[in-house]
2 protein chains.
Amino acid sequence: MSDNTEFVKKLRSVGLRPTKQRLKICKILFDRKNTFHFTISDLQKIIKTKIEEKVSLATIYNTVHSFKKKGYLKEISINSDKSYYDTNITNHHHFLDEETNELLDLDDNDISNLKIKKTIPGKKIKSIEVLVKIANNN
Amino acid sequence: MSDNTEFVKKLRSVGLRPTKQRLKICKILFDRKNTFHFTISDLQKIIKTKIEEKVSLATIYNTVHSFKKKGYLKEISINSDKSYYDTNITNHHHFLDEETNELLDLDDNDISNLKIKKTIPGKKIKSIEVLVKIANNN
DNA sequence: AAGTATTTTATAATGATTCTAAAGTACTGT
DNA sequence: ACAGTACTTTAGAATCATTATAAAATACTT
Ligand SMILES: [Mn+2]
Ligand SMILES: [Mn+2]
Ligand SMILES: [Zn+2]
Ligand SMILES: [Zn+2]
């Protein structure tokens, strides 16, 4: 309840009502130090496990979509099976562990300075992101 | 029929029978100068339009999967809605046009030399790929 | 507290992909 | 060429993630 005010403000600032479902999800997603990469079913499992009450699957989808639309979440495409979301909404790079399918953020200075030398007339660059796939040695 | 021998050989070399459906799809996918990026429904439309006979959807899926498994196609994740495939099976970079959703290959020398400075114990790098999103000016 | 707008929910619908099992085709040995 | 076997194609059903629907519940305003 103490922390909630922060999320209530966050939600209000973009015109979303602070319902108990949205606050619950806020706490799961944003009350942490590190970036959180998740799928809808990851989130559903966490809610089912770590939280007392239930939230319908439709609401999980709706809420994640609202957060994405408002810019609180970013969608990541690493797999066409299901959507991945990221609480780090900046443009950034990733390690993708092929064994576990887990994502890990890379800092800009984990990667050498990146320059795109090719241009397309009439088009401009919106983002540049690197995906580094990793797997167990040998 | 003249060119077919090439595809017949290609298929035989990995233990696939050269059926008329597979040869048809080979011609669409591999009888071209530039990289081809496509979805199953793209391919289906081309078969329906440019080719006389029909190929069932199941066979299109089966064939694309066989080709992927044999290393003749590469799957690209740019969108979780559907799978994209690429006839360029090397590790390479892409422009993604956000307006048209089209992919364009980037040559290694279209991009400054890329170095990953971070390492994960017990893990090694399998691939490094850059996705550059582009959109219309202004 | 009443009225209105928004949200949640269960459930149905959709769309991509995979599965099934029967009919068709390709290959092998003769 | 023929018969036998293995592989492939196919239509249709099944699955699974996601989206749509519309009624019940909740939040907000006055
Ligand atoms: Mn996949
Ligand atoms: Mn998408
Ligand atoms: Zn991230
Ligand atoms: Zn490509």
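First the proteins, then the strands, lettered A, B, ... as listed; each starts at 1.
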Verify same cluster id: A/I46, A/I76 (apolar side-chain graph, 4.5 Å): no
Terminal axis angle for the helix from C/dA1-D/dT30 to C/dT30-D/dA1, five pairs an end, nearest 10 degrees: 30°
Boundaries of the DNA chain C segment in contact with chain B, non-hydrogen, under 4.0 Å: C/dA16 to C/dC27
Side-chain ion pair, B/E98 and A/K126, N-O less than 4.0 Å: no
Residues within residues 66-74 of chain B bordering DNA chain D, heavy-atom distance below 4.0 Å: none
For A/Y61, all residues meeting ring-ring contact (aromatic ring centres under 6.0 Å, His included), sequence neighbours excluded: none
Within 45° cone and under 6.0 Å: A/K10 NZ/CZ vs A/F30 ring: yes
B/E75 backbone acceptor or donor facing B/S83 side chain under 3.5 Å: no
side-chain contact (heavy atoms from CB on, under 4.5 Å) involving A/E102 - partner list, sequence neighbours excluded: A/T100
Beyond-backbone contact of A/L96 with A/I134, side-chain heavy atoms, under 4.5 angstrom: no
Parallel, tilted or perpendicular: rings of B/H92 and B/H37 (30°, 60°): tilted
B/K117 NZ: over 12 foreign heavy atoms closer than 6.0 Å: yes
Residues B/N137, A/K123; criterion side chain to side chain donor-acceptor pair (under 3.5 Å); working and verdict: CA-CA 5 Å; B/N137 279 325; A/K123 300 282 178 181; over 6 Å; no
Heavy-atom protein contacts under 4.0 Å, nucleotides 3-18 of chain D, coded B base, S sugar-phosphate only, - none: ---BBSBBB-----SB
Heavy-atom check, side chain of B/T63 versus side chain of B/L16, under 4.5 Å: no
ILVMFWY network linking A/V14 to A/L23, side-chain heavy atoms under 4.5 angstrom: yes
